[in-house]
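What follows is a single structure, written as structure tokens, with notes after it.
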Amino acid sequence: MNDIAANLEFLRSNVPASVRIVAVSKTKSAEDIMAAYNSGQRMFGENRVQELQMKQDKLPGDIQWHMLGHLQTNKVKQIISFVSLIQSVDSLKLLSVINSESDKAGRITDCLLQIRIAREETKYGFLPDELMEIFQTGATVGMNNISIRGVMGMATFTDDSEQVRSEFRNLKSAFSRLKENYFHNDPNFNEISMGMSGDYMIAVEEGSTMVRIGSLIFGERNPIKKQ
Ligand SMILES: *Cc1c(COP(=O)(O)O)cnc(C)c1O
């Protein structure tokens with residue numbers, strides 16, 4: 001068995017079967033992706049439109065591609081025909097463009113609302129109150145070509161596991177508030193995408209339904225360490 005298959009096997013034995021594993025393959029080669037594919041992996045995540053398009057073009061058609069990175073509205077149309085889940089919806093404008101492009105493509109696109117839970121200022125995403133207001137005002141009413149499946153968030157990159165845990169709790173509680181107030185009749189609103197290589201075990205303990213794992217499956221993305 002190769003390393004990638006072995007890493008996946010380890011991960012699968014380490015998270016409950018109900019938690020989906022998205023293999024984050026950004027910067028990784030088609031060969032690496034095929035090693036994961038051949039061990040049964042079908043969900044892959046990328047964070048750049050061009051890379052996603054190129055890989056989708058040459059890799060097996062039954063791969064479910066997730067978009068994880070910040071998505072510019074003018075690039076939505078390049079991925080809309082094939083993307084399986086857009087996890088990084090971070091503005092109402094983007095949601096609206098995904099809806100109209102999906103309409104043109106004759107499909108309904110699954111989306112997650114990215115919520116900003118980390119301390120870093122640079123991370124994209126909605127604030128929980130901002131989202132409550134969007135749904136309160138009915139701004140998404142009539143967007144019939146999107147299916148909002150849940151939320152996604154990234155914790156602060158830190159060794160302080162209590163801080164990470166509390167950020168994941170904040171994401172879970174934002175999910176629950178949205179669910180209670182605006183999605184209580186919608187069984188499809190059921191995903192909490194949280195947890196990466198360094199913090200997925202905490203995320204699972206805090207209610208993650210989907211973890212996004214890159215380096216733990218494929219190895220470090222940049223082996224040349226800066227001093
Ligand atoms: C790169 C990336 C991951 C995976 O990161 P690892 O630490 O390598 O597991 C997960 N989510 C998003 C949004 C990413 O950009």
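In this chain, numbering begins with 1 at the start of the sequence shown. Just so it is clear, the values below take in all heavy atoms, side chains as well, and ignore hydrogens, waters and symmetry mates. Atoms within each ligand, like the ligands themselves, are counted from 1 in listed order. Fair warning: this is a prediction, and the values are worked out from it, not measured in the lab.
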| query | What residues, two or more places apart in sequence or in another chain, satisfy ring-ring contact (aromatic ring centres under 6.0 Å, His included) together with Phe175? | reply |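 If we apply the ring-ring contact (aromatic ring centres under 6.0 Å, His included) test to Phe175, skipping adjacent residues, the hits are Phe189.
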| task | Evaluate whether atom CD of Gln50 has more than 12 neighbouring non-hydrogen atoms of other residues, nucleotides or ligands under 6.0 angstrom away. | result |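 No, not enclosed.
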| request: May I ask you to check if Arg42 and Tyr37 form a cation-pi contact, with NZ or CZ under 6.0 angstrom from the six-membered ring centre and within 45° of the axis? | output: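 Yes.
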| With sequence neighbours left out, what residues match Phe10 under side chain to side chain contact (heavy atoms under 4.5 Å, CB included)? |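 Residues passing side chain to side chain contact (heavy atoms under 4.5 Å, CB included) with Phe10: Asn14, Tyr200.
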| request: Only counting residues at least two apart or in another chain, list the ones meeting side chain to side chain contact (heavy atoms under 4.5 Å, CB included) with Thr137. | output: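 Residues passing side chain to side chain contact (heavy atoms under 4.5 Å, CB included) with Thr137: Glu133, Ala139.
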| Can you list, by chain and residue number, every protein residue with a non-hydrogen atom closer than 4.0 Å to ligand 1? |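 Protein residues near ligand 1 are Val24, Lys26, Leu68, Met154, Met196, Ser197, Arg212, Ile213, Gly214, Ser215, Arg221.
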| message | Can you confirm whether the side chains of Thr156 and Glu167 place a donor and an acceptor under 3.5 Å from each other? | response |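 Short answer, yes.
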